[in-house]
Amino acid sequence: MSQWITEEQTPHLRLSAEAEAVLYSGESEFQKIEVFKSKEYGMMLALDGVFQTSEREEFIYHEMIAHVPLFLHPNPERVLIIGGGDGGVARECVRHDCVKEVTMIEIGKVVELAKQYLPTISKAMIENNPKLTVKIGDGIGFMAEAEDYYDVIIVDCSDPIGPGEGLFTEEFYKNTLKALKA
């Protein structure tokens with residue numbers, strides 16, 4: 001029996017997708033996570049009731065957030081991804097021959113669920129791509145310690161509420177600038 005998964009964007013706007021099956025619904029220490037098979041968009045991931053990605057259209061987001069900064073940099077060898085637990089940004093970054101190292105910092109359970117339910121998106125993580133290191137941890141804390149190392153930093157996070165709120169502060173962006181090579 002199908003059901004509808006609905007994201008309420010405002011009190012006057014809702015987006016809904018008909019789900020053939022809800023494959024996972026649970027709480028991590030940070031957020032509510034849902035993975036479901038939709039009739040129109042294939043496998044979908046929602047965090048705290050907000051659609052994050054789908055098999056059908058994920059490439060639009062992941063290619064743009066990864067390739068634009070990598071093509072703008074003259075020699076992006078070291079890339080840092082804050083968030084990106086579904087693995088799509090990492091998958092696109094490791095495709096670049098000049099990229100030697102991609103580090104992804106993610107807060108938790110989304111990584112394992114993506115590997116299980118979104119294999120086409122999380123391909124680089126599943127295949128243990130030698131360029132990719134996935135660290136489960138706090139991206140904000142990681143940025144506070146990093147200095148003069150990365151060529152490109154991509155922040156692939158949820159909305160500025162809940163666990164993503166700290167990724168939209170002046171302090172976080174000052175630390176991001178400090179972590180970039182000159």
Side-chain angles (χ1 to χ4, degrees), residues 5-15 17 25-35 44-54 57-73 76 78-94 99 101-114 118 121-122 124-125 132-182:
I5 308 292
T6 299
E7 171 187 331
E8 186 170 328
Q9 292 196 335
T10 74
H12 310 287
L13 177 64
R14 293 181 183 144
L15 301 176
S25 181
E27 299 268 342
S28 74
E29 63 182 289
F30 303 103
Q31 59 210 163
K32 180 179 181 183
I33 305 169
E34 296 170 292
V35 180
M44 292 182 73
L45 169 69
L47 300 177
D48 291 329
V50 178
F51 299 146
Q52 300 296 308
T53 194
S54 72
E57 62 182 11
E58 58 83 17
F59 70 94
I60 298 166
Y61 176 83
H62 292 126
E63 289 180 8
M64 292 301 290
I65 197 172
H67 297 305
V68 171
L70 292 176
F71 284 134
L72 286 172
H73 193 285
R78 293 181 178 146
V79 178
L80 174 64
I81 303 165
I82 301 293
D86 58 46
V89 175
R91 179 197 65 207
E92 296 304 316
C93 288
V94 300
V99 171
E101 175 185 322
V102 177
T103 303
M104 184 175 94
I105 311 295
E106 173 60 58
I107 57 175
K109 193 169 182 85
V110 172
V111 170
E112 290 308 313
L113 291 170
L118 303 165
I121 300 173
S122 62
M125 295 188 302
L132 177 61
T133 301
V134 177
K135 296 181 179 185
I136 302 302
D138 173 27
I140 296 168
F142 186 87
M143 290 310 303
E145 301 297 320
E147 192 168 331
D148 192 35
Y149 188 78
Y150 296 100
D151 299 305
V152 173
I153 298 173
I154 299 170
V155 180
D156 178 14
C157 64
S158 56
D159 294 339
I161 54 172
E165 190 172 3
L167 300 172
F168 291 85
T169 65
E170 186 175 344
E171 180 182 5
F172 177 76
Y173 283 103
K174 283 181 180 177
N175 287 334
T176 301
L177 181 60
K178 175 181 63 84
L180 286 168
K181 290 197 297 189

Would you indicate whether the side-chain heavy atoms of [Y] and [X] approach each other to under 4.5 Å?
| X | Y | value |
| --- | --- | --- |
| Met143 | Leu80 | yes |
| Gln31 | Ile107 | yes |
| Ile33 | Leu47 | yes |

Atom pair [atom1] ([X]) and [atom2] ([Y]), whose distance is rounded to the nearest 0.5 Å:
| X | Y | atom1 | atom2 | value |
| --- | --- | --- | --- | --- |
| Lys109 | Glu27 | NZ | CD | 11.5 Å |
| Met125 | Leu118 | CE | CG | 8.5 Å |
| Phe51 | Gln9 | CZ | CD | 9.0 Å |
| Asp48 | Glu7 | CG | CD | 11.0 Å |
| Ile121 | Ser54 | CD1 | OG | 7.0 Å |

Point to revise | Donor-acceptor contact below 3.5 Å, side chain Ser122 vs main chain Ala114 | key: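 Yes: the side chain of Ser122 pairs with the backbone of Ala114.
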
Under 3.5 Å, side-chain donor or acceptor atoms of residues 171-182 against the rest of the protein: list the pairs with distances, not counting sequence neighbours.
residue	atom	partner	partner atom	Å
Tyr173	OH	Leu167	O	3.4
Lys174	NZ	Glu170	OE2	3.4
Asn175	ND2	Glu171	O	3.4
Thr176	OG1	Phe172	O	2.9
Lys178	NZ	Ala144	O	3.0
Lys178	NZ	Ala146	O	2.7
Lys181	NZ	Asp151	OD1	3.1

Exercise for review: Could you pull out all residues at least two apart from Glu92 that satisfy salt bridge (charged side-chain N to carboxylate O under 4.0 Å, His left out)?
Suggested key: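 Applying salt bridge (charged side-chain N to carboxylate O under 4.0 Å, His left out) to Glu92 gives Arg95.
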
Heavy atoms only: give me the nearest [X]-[Y] pair and the separation to one decimal.
| X | Y | answer |
| --- | --- | --- |
| Met104 | Ala90 | SD-CB, 4.4 Å |
| Met44 | Ala17 | SD-CB, 4.0 Å |
| Val102 | Val99 | CG2-CG1, 3.5 Å |
| Tyr61 | Asp156 | OH-OD1, 2.6 Å |
| Pro69 | Val152 | CB-CG1, 4.0 Å |
| Cys93 | Ile81 | SG-CD1, 4.3 Å |

Point to revise | For Asp86, the option from Arg91, His62, Gln52 that meets side chain to side chain donor-acceptor pair (under 3.5 Å) | key: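 Option passing the side chain to side chain donor-acceptor pair (under 3.5 Å) with Asp86: His62.
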
Exercise for review: With sequence neighbours excluded, tell me which residues meet side-chain hydrogen bond (donor to acceptor under 3.5 Å, both in side chains) with Glu101.
Suggested key: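 For Glu101, the residues satisfying side-chain hydrogen bond (donor to acceptor under 3.5 Å, both in side chains) (neighbours in sequence not counted) are Tyr149.
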
